Structures are given as C-alpha cells and as structure tokens.
Amino acid sequence: MNGIVQQQVGTEEAGLAEEPVIVRVSGVKKKYRDVTAVDHVDLEVRRGEFYTLLGPSGSGKTTTLRLIAGFEKPDQGLIELNGADVTKLPPYDRDINTVFQDYALFPHMSVAENVAYGLQTKGVPKDECKERVIEALRMVRLQNFGERKPAELSGGQRQRVGLARAIVNRPKVLLLDEPLGALDLKLRQEMQSELKRIQAEVKITFLYVTHDQEEALTMSDRIAIFNHGRIVQIGTPTDVYEKPADAFIASFVGTSNILHRHGKRFVLRPEKIRIAPLGQLFDEAGLHVEDGRILEAIYVGMFTRYVVALADGTEVTAVRQNFDRTTARFRDAAGTTVQVAWRPDNLFELQ
Amino acid sequence: MNDRPHTVSVSTSDRLSAVLSGAVRRVSVILWRKPGLSAGLLLAPPLGWFLLIYIAALAALFISAFWTTDSFTGEIDRTWTLSNFQAIFGSETYRLIALRTIFMAAAVTITDVILAFPFAYFMVRLASQRQRVALFTLVLVPLWSSYLARVYAWRLIFAHEGVLNWVLHGLGFQSIEIGYTNWAMWIVFSYIWLPFMIMPIYAALERIPYSLFEASLDLGAKAWRTFFKVILPLAMPGVVAGSIFSFSLTLGDYITPVLVGGPGSDFIGNVVYANVGIANNVPFAAAYASIPLVVMGLYLMAARRSGAFDVM
C-alpha cells in the first residue's frame, strides 16, 4: 500500500499523473536456480516519463529491465505495454528498444548500417529509412560519422550510436541499461544532459537502469529503488532523498546519519547539519543545538566533510561548504570541540 | 680451516656472476633502447626456417615444373618449357582428376561447414560447462588416433558385410554398396576434417558478444535474419579458416582415394605420387602439384575480396 501511495504522489509532482500508463509490471517474479533475482515487482511507467530503476548490483533492476525487453521470461506475473499483455512475446514483437551497457554495436556494419538495422528489419522503404537514419544521427550529433565503423569511434560516440540505433525506430519505450557506466565522469555528465535533451526532443518514455544514485537524482522524473529483488520505494528524486522509506534507502541514496532518539530512528542528511566553534551563535533561530567533538576533517575541495561525535556517542557526518580559501583552520580541526545544529523539521522519522 | 677454500670459491663465483650479470644487463639495456633489434633477434630463427623450408621448397617446386625429363635416360632436362602444363590441360584424364579433386574438396568443405556450424553454436551458446568439455573431448579424441586407422575403420563400415549394411539389414532395409565410390570418399573426408572445421568456428562464435544477438532481436530481427546478418558475417573468419583446412587437406590427400575410393577415383595427389615414385617424372609431378596451390591462392583471394577477413 505504501508503495502505491508514494507512486501516486510521485507522478503528481512530476506533472505526469494525467498521462496513460505505458508500461505496467505486476507481480513479476524471476528465479535463477535457487536465487530469486526479481521478487514480486510492481511498477507503472507513464507516457513520456524518465523513470529510473536504481539499486546496488544484484538488486534485480537489470533483470526487471531484461524482462520488460523480453530477453528473459518471468516465472510469474504480467508485463503490459500500452495496455496489451506482452509477457509471452519475444523481443522482436515488442515495441521497445534497448540501449545496451556495452553498446552492442554490430562491428561489421558502418554507423549508418547499424542505425538502419531496425528499420530494414521492419521493411521501411529505402528513402524513408535513409532520411530517418540521417535524422537520428543528427539528433545524437554524429551526422558526419555515418560511414565510420564502430571500432573507429570513442566510447562516448559509440554510446550515441547505440542511442540513435534505438530511437530511430520510434519505440513506445526506450530501455537504457546503465548506458553511461563505461564512460568517465566528465563525459558521463555531458551525456546525462544530452540524454535529457534528446528525451525532450523525441518524447519517448525512458526506462533507465543505474546504480549511480547521483545520476538517478539528476535525470529522473521518478525513481524505483531496488533492494534484494524488491522495489523498496517509488518516488520523485526529492521524495527518495528527503523522505527515504527505510534505513537502506537513506544510506544508499546519498549519505545519511541515523539518529536514535526517544526509541525512534531519524534520518539527518550531512548538508543539513551546521557546525560552529563553541560559544559562537548560529545565524538562524529555532535550531536544535548539541555539543560534539570533531573526530576527522576531510578536505574534498568544494566542501570539507567532518565526522563529529555527539555527546551521546553517536557519530554523524556533516559537510560545510568551503566559503573561504583559508581552509587550513577547518582541515586541522580534528579533536576540537564544536556545536552542531539542525532545524528540527529536517529530521525525517524512519518507519 | 675447512672454511677457507669454501669462502674463496664463493667469492670467485660471486665475482664471476657479477661480471656476467653486468654483461647481461648491458645487453638488455641495448635491446631495450632498440626495440627493432630485439624483435629482429626474436624473429630471425623462425624466419630463417620459414624461408629455407617453405619458401625455398615451393620455389624449387615451381621452377622444376618448367623442366622436363628425358623419357629414355630419365635425366632432368633444364630447358624452360610449358610442355608439362600443356600435357596436363591437353589430357582429358588429367583434367578430370584435377576437377574431381577440386569438386570433392569443395563438397567436403560445404558439408563440414553445414555440420560444424550448429555443433559449434551449441557448444558456445547452449551447452553447460560439463557438456562443453564432453563435446570438446568427442571432437578431439579421433585426432589422437592414426589417420590410417580411421580410414580403415570406414572401409570396414562400408564393406559388403560391414557395419553399415548390418545396421540397414537390422532395420529392414536393403543393403547398399557405397564402398569404393566417390560417395565413400565424400563421407570419409567430411568425417576426417570435421574437427578442423569445428574448432575455428567455435573460436569465432565464442568471440561474438551475446549482447549482439540480443540487440538484433531487440531491433525486430527474428532468428534467421539475426543468423544471416549478424552471426554468420562475424563468424566468417572462422568459417574461412576451417575451410582452408578442409579444402587444402582434401586437395592434397592421396591415401583416402586409394583406401576407400577404389578404381577410377584418383586424386591430384595420386598422380603426383605415381610420377615421383614410379614414373620418375619429377618435373611433371611438380607441375601437377602446383594446381592445388593455385586453386588455394584463388580461393584465399576470393575470400579476402568478399570481406571475410575484415572482422578479424
């Protein structure tokens, strides 16, 4: 029940509640020998959504994607695409295309031939095929690379070809299996905004798998968080970050401190904790203030991360933006006694 | 007292090894600075062997093909002439033998590709680890036994009272006589060279990532289209490598035709053998032996032109 309620909240916030459900997965289960990869998964993706399956490796997110693509058959449950049951259909009869983690480009074909492959299979007339290939390559900014072979491209360019090869078919849903996993950080960030731009242009529903929580928060309309083959929370990026459903989510999505007070557990995010030397007032009223001792100060460049022991022994992590260049004071702060403070409404109680 | 000679000998050997390791070090520094030199040193022995044994022998073969033998004295006449080739192409028998050999090699190659492909595909994609080991063993075990023993075994299978007819009788069919025919040769050749086709195709298929197969299905292609557009082109280097084995080994064989082919099934190799050993006409044998070389060369050129090596 909880999951369904949060799902409703999520779509409303994303402004997509009016859109029809395009992918519905209900009660799907998949076992490999004695390992349950996917355990009773339910999810609904609405048209035009950027929907992310997020979770650690082995949590069932990729298997769920492969079940939707048709590469695997579920042991139980139903997969619907645009209202029609596709559970028993092979991949070539589903109006879905996939962008693979290892790109899976055909090495013996040129870039243009790769992109044209799906259209030729469907028997699209030659002229239209040519036009659509050019259009797709333009969209991924590879218009001059049609004659090249995949081996002559960089990793980022190959990823774009993989994307073009999928979107050229104008599928109802595009599945992306950790598409940026093999790229370095800078390129990954570029491709993230590129993907958002392309999605806005083609208006195709994206179902995206990643283990990178920052990527999920940056790109998604909604996120389904997987753990041990189950979905543990569905919500918008702010939902899952600010109101994590359990301790696993709280620690998997970003870092968080869990405080035990009055027999209850609360999540407190590091960036919501302020630090000040003893005897100095905080610039905001109504804060909850406690004493603590800095155990460790880690300089990260943009900010400094402090591990602080509170009076009751709890260790919390706090970050402080490096407002000034003279950060030596904060770096050498280990061992000093400080005050930490937070706004009470930034505590989120775990159920 | 006992220690002294011992100590002395150690210090001498120490000095010696120091000098030696210094020399080794200097040499390895020179080699490290000049990678071309070290590559040259590595390559020199095999390259020398290759030039002497392979290239020189082939050259001698080609050159002697343009000589003749004096039919009376049996001595070699080193005047340049095309008479050997004229004799080959002018004679219906020699043309027929050459064509029979080439057609048999082609038929055996096609048969082996058709048999080996599904076998190798099963090994790569569908077999469990244990099944794969078992199949590998099955493919390789025949290679451990003598070629002659295996061809003789087929003689027994094809014989009038042999295993084949015994089985056919048991199943209520009439007996057939295919021993000592081209059919028998075709079956035996296909059997003997099959492992040489399975192995390279297996290696080629194993290199194809499974995601390519899924990508093809994902893009709407069914199994047949996936096979002809993706799997087969990418496995082509393996098919070509295997066919080089089966084609050239069949082209050069002269034992199977004798043992299971019977009369009227001579191969190029039999003619070469007869001319070297019995007729003592080495130049003619050389001329006839160059036919398989030319055929193989043409085959490789055609394979290359068709792009079979592009994905290697």
Side-chain angles (χ1 to χ4, degrees), chain A residues 33 62 65-66 68-72 89-110 113-124 129 133 136 149-152 158 161-171 173-179 182, chain B residues 113 117 120-122 124-132 200-243 300 302-312:
Chain A
R33 291 172 191 266
T62 296
L65 193 83
R66 292 174 57 79
I68 295 170
F71 301 141
E72 311 276 352
L89 290 186
Y92 48 79
D93 284 333
R94 301 187 185 197
D95 198 358
I96 293 178
N97 287 112
T98 306
V99 178
F100 292 83
Q101 184 174 15
D102 66 350
Y103 320 130
L105 302 180
F106 304 124
H108 57 302
M109 299 181 195
S110 70
E113 285 167 340
N114 263 282
V115 177
Y117 190 84
L119 298 177
Q120 284 168 351
T121 316
K122 287 192 202 90
V124 172
C129 180
V133 168
K149 284 278 172 76
E152 297 166 315
R158 284 182 214 179
V161 177
L163 187 63
R165 187 178 67 174
I167 57 176
V168 77
N169 303 294
R170 297 171 191 158
V173 181
L174 186 68
L175 308 179
L176 302 102
D177 182 13
E178 308 223 12
Chain B
V113 171
F117 214 103
Y121 189 84
F122 179 83
V124 171
R125 287 274 179 266
L126 306 170
S128 67
Q129 187 62 34
R130 278 177 75 173
Q131 286 172 325
R132 194 173 302 143
I201 293 182
Y202 173 87
L205 284 176
E206 205 186 26
R207 282 177 48 190
I208 305 175
Y210 190 61
S211 59
L212 294 187
F213 184 76
E214 288 184 340
S216 179
L217 294 186
D218 187 75
L219 292 164
K222 293 181 181 147
W224 277 111
R225 194 177 167 84
T226 302
F227 177 78
F228 283 110
K229 291 280 176 182
V230 178
I231 308 287
L232 189 59
L234 291 176
M236 220 43 205
V239 174
V240 170
S243 66
L300 286 180
R304 195 193 146 136
R305 183 162 292 185
S306 76
F309 300 119
D310 290 359
V311 287
M312 268 180 125

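Here is how names work: the chains are called A, B, and so on, in the same order as the sequence lines, proteins then strands, and each is numbered from 1. Note that the coordinates shown come from a computational prediction; the quantities given were computed from them, not determined experimentally.
- The CE atom of A/M109 lies 8.0 Å from the CG atom of B/L234; values are rounded to the nearest 0.5 Å.
- For A/N97, the parts lying under 4.5 angstrom from a heavy atom of chain B are both the backbone and the side chain.
- Within the model, atoms NZ of B/K229 and CD of A/Q120 stand 6.5 Å from one another, a figure rounded to the nearest 0.5 Å.
- Only the backbone of A/L105 comes within contact range of chain B, with heavy atoms under 4.5 Å apart.
- Across A/D177, A/D102, A/T98, a single residue satisfies side chain to side chain donor-acceptor pair (under 3.5 Å) together with B/S211, and that is A/D102.
- Listed here is the closest heavy atom pair of A/F71 and B/E214: CE2-O, 3.5 Å.
- Between A/T121 and B/S216 there is no side-chain heavy-atom pair separated by less than 4.5 Å.
- Ranked by heavy-atom pairs shorter than 4.5 Å toward chain B, the options A/Q101, A/R94, A/K122, A/R66 are led by A/R66.
- In this structure, CG in B/D218 is found 8.0 Å from CZ in A/R165, a value given to the nearest 0.5 Å.
- Here the side chains of A/Y92 and B/T226 are not in contact, with every heavy-atom distance at 4.5 Å or above.
- Using a 4.5 Å cut-off between heavy atoms, A/F106 contacts chain B through both its backbone and its side chain.
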